[in-house]
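All values below come from the heavy atoms of this structure, side chains included, with hydrogens, waters and symmetry mates left out. Chain naming here is simple, since letters A, B, ... match the order of the sequence lines and numbering starts at 1 in each.
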Number of protein chains: 2
Amino acid sequence: MGGVHAPTTSTELRLHNLTRLLRAVHAGGGELTRSQLTRELGLARGTATVLVSELAAAEMVLERPPADRPRGRPTHLVGPHPRGPVALAADLREDSWSITAAALGGASETLECRHHTAGLATDVLAELSGALRRRMAELDGRVVGIGISVPASVRDGRVVDAVHLGWHDVDLVSLLRLDGHPLVRLGNDATLAALAEARRGALRGVGLGLHLHVSLGVGGALVVGGRPLTGARGMAGEFGHLPLAGDPGQACACGSRGCWDLDVGANALIRHLGQDIPVDRRLDHAERLIALAADGDPASGRAVEIIARAFGRGIGALVNAHDPEAVTLSGLGARLYEAAPQTVTAGCEEALMAFRRQSPAVITASHLGAAAPRIGTAEMVFDAFLTAEGLRTWRTHRITSA
Amino acid sequence: MGGVHAPTTSTELRLHNLTRLLRAVHAGGGELTRSQLTRELGLARGTATVLVSELAAAEMVLERPPADRPRGRPTHLVGPHPRGPVALAADLREDSWSITAAALGGASETLECRHHTAGLATDVLAELSGALRRRMAELDGRVVGIGISVPASVRDGRVVDAVHLGWHDVDLVSLLRLDGHPLVRLGNDATLAALAEARRGALRGVGLGLHLHVSLGVGGALVVGGRPLTGARGMAGEFGHLPLAGDPGQACACGSRGCWDLDVGANALIRHLGQDIPVDRRLDHAERLIALAADGDPASGRAVEIIARAFGRGIGALVNAHDPEAVTLSGLGARLYEAAPQTVTAGCEEALMAFRRQSPAVITASHLGAAAPRIGTAEMVFDAFLTAEGLRTWRTHRITSA
DNA sequence: TGATTATGCTCTCGCCTAGAACAAAACATG
DNA sequence: CATGTTTTGTTCTAGGCGAGAGCATAATCA
């Protein structure tokens, strides 16, 4: 499920082991030595030699001397090649967009970041499209895929529904005119934040984790074996539209009633204070309100407490249902937890089944911050690229272009 | 992730392909021809010859002539060997236990079935233990594993909590004195019903499915790639303890509030009618109430409608959150859906996000009936056995015993 | 009876990895 | 500073595996 097929022939076996090696390099952040990789993958040293040489010849990895040198013959760190594969990650938000380039191992650099006020105006997309094409040209031949993170439901590469933006069934890939590129992937920002957490954050190595990403509302994903569940149509993780913590009769903009979204997120926080803020400034405003609360402002403080409690209760309910090993929070969720950890925890315990209270799941605020969706987007692209197929493409591409 | 490792050497490659072949035979119910298997697995005919011969020599499969003969040279059905592997499945319930033997391909026969009134009395376990040992002796050397289905939360092979039975942290495997056997697996009945549905029912081939099993309350599992999620501690699928459809303030016996369990299941149905029925007769009674409703009894009819609506609303909420391709119902859930399909559907649509209403997930009543946990138990055992390790064990065992 | 059709069997070939033996490059020690 | 120790890289051989080709086989069809 998702590109990693087991080999059935000896030829595929080679490709499979090359992929495994490359994935290990990527997962290790490009900071593992050749001998570590050899041990980790259970390869013979001779085999490792062949495989690493092949990847180095293809300009995917480069060996460099390590900082510290233990006793015996020195080994080398296997890291990304300076002319190696790059994933471009575009993070499109209600109020801004950015483009980040990530190399094998996950090291990334945000190349460009623009604010906008136009919501989904076509010229915002045109601007982003132009920037992406420019960056691809700059990185001549190194871009193996483009990922786009959007605050919206995504299905089969199309934006199905963006409640807060008023988008419905938009073919973003076509609008960005990236059809020509072989590997373009679209993802929901919360799902991608979960992916980032699974690969580079607190859910690393966790069998079953739950990640919640709070922005205007609440989204997230169950993470199973390092992979967020995306649902049959790529629209899972809409936890905000479970009736977890509030008035079951209250209507939600999504068309249902009693949604958790009505009680948690920037929208809820602002509504609780009776304020009226335009969509494209709500996230910033909500962060400011949480800061105000921390500084002792009573009205903000009360609102934050209410939201934090509702957040906690929903978390408890979700833990009841799914029994995760760990729960991680990103976006506004992390801020909320940092501002009122005891309130969130109390809400959670309140909703937990009694026998689970003895060993509740660990709640952690993500340390990836606002970069989470970007990082996850790059991981999504590398997931698609680090396959037998991707390797073949890279090799033939480099051979023909050289 | 569950025993299926990818090969890294050519020796493992052979074992891997043997396993794939055996799994395909099992998944196909032992009714696939050699040529079908060859095509399905993408093998060369020569390779298939070698692999099938090897499995036949090990007395795992047996080739037999097919019923219908198409044009060319006749091929053979690859089915279970009469002296081949057998999984024993014990289904332990509040009021009875049974033992079922399943062969490769899933064909099963219930060998023994006893009623009891003693709940968890030690002599019930002793009786079951004796019966299991007897069956193992009868099936001399063919039993590759024993699975046990229990109506309780299970963690690390121990019964953690059985609300309606009063069991807490019971080491059932030790109590049954089966420690000697290499492969003993314990599972929750709802989770195993979901597994059965995934392998032999309506969730076959479904990428992400949701199975709900209604008895006194509601349990179930998300099925991902043919495998039910069990949670970090094996206690997932407690969907009944999400506050999905009722009064959020109402206290539940589990220690939380507003649980779905309060509105759906035998307990809820009986409570809605203001009746008072002992725990061990509630399931039967609830079925009778649903039958009464179908016959036109107004009080029962109203109660069933209310429960069905709450059931539907919760399903809708879960579909919002997880976006399953299909939803299957077993136990009382199937009865409820058959009795009032339009009410369930209406409740579901009511809770769905508007944009999902265009293509809602398909709801299906399971056709496996009461056998679902048994079937799932056998599948659990074969899952553990049909691995490179399991094959090795079988081969060495047969070699030394022959 | 002979043509057609699809499958099974056998053998060769190329590919892959393990493992052993040897070489190399550092550090540790006196 | 020279020598021994330790760990890793390199090279080569042996054994195993599956693809594919060519042939054999067993049924149906005309």
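- For R14(A), whose side chain is taken as the heavy atoms from C-beta onward, the closest listed nucleotide among dC9(C), dC17(D), dT17(C) is dT17(C).
- Taking the nucleotide of DNA chain C with the nearest heavy atom to each of T47(A) and S53(B), the more 5' of the two is matched to S53(B).
- In this structure, L41(A) places its CG atom 11 Å from P of dA18(C), rounding to the nearest Å.
- Applying the salt bridge (charged side-chain N to carboxylate O under 4.0 Å, His left out) test to pairs two or more places apart or on separate chains, those with a residue in residues 24-53 of chain B are E31(B)-R64(B), R34(B)-E63(B).
- Atom pair E54(B):CD and dC9(C):P shows a separation of 14 Å (rounding to whole Å applied).
- Distance from the side chain of R39(B) is smallest to dT7(C) among dT7(C), dG16(D), dC9(C).
- Distances shown here put a side-chain N or O of R34(A) below 4.0 Å from the OP1 or OP2 atom of dT10(D).
- The side chain of T75(B) sits closest to dG8(C) out of dG9(D), dG8(C), dG18(D).
- Note: CG (L13(A)) to P (dA19(D)) measures 12 Å, nearest angstrom.
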*In B/S/- notation, 5' to 3', how is nucleotides 21-30 of chain C contacted by protein heavy atoms closer than 4.0 Å?*
--BBBBBS--
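- Ring planes of W394(A) and F385(A): perpendicular class, angle over 60° (limits at 30 and 60°).
- Here the P atom of nucleotide dT10(D) and the NE2 atom of H76(A) are 8 Å apart, to the nearest Å.
- No salt bridge links R233(A) with E325(B); every basic N to acidic carboxylate O contact stays at or beyond 4.0 Å.
- The shortest side-chain heavy-atom distance between E109(B) and L111(B) falls under the 4.5 Å cut-off.
- Between the CG atom of L37(A) and the P atom of dG9(D) there is a distance of 10 Å, given to the nearest Å.
- Atom-to-atom, CG of L15(B) to P of dG15(D) comes out at 20 Å; the value is rounded to the nearest Å.
- Ion pairing between E197(A) and R204(A) fails under the 4.0 Å rule for side-chain N and carboxylate O.
- For residues 72-86 of chain A, the side-chain hydrogen bond (donor to acceptor under 3.5 Å, both in side chains) pairs, not counting sequence neighbours, are E59(A)-R83(A).
- Of all nucleotides listed (dG9(D), dA19(D), dG14(C)), dG14(C) comes nearest to the side chain of S10(A).
- Side-chain nitrogen and oxygen atoms of S35(B) include at least one within less than 4.0 Å of the OP1 or OP2 phosphate oxygen of dT7(C).
- Salt bridge annotation for D383(B)-R185(B): absent, with no cationic side-chain nitrogen under 4.0 angstrom from a carboxylate oxygen.
- Atom pair L18(B):CG and dC17(D):P shows a separation of 9 Å (rounding to whole Å applied).
- Regarding N17(A), its CG atom lies at a distance of 7 Å from the P atom of dA18(C), rounded to whole Å.
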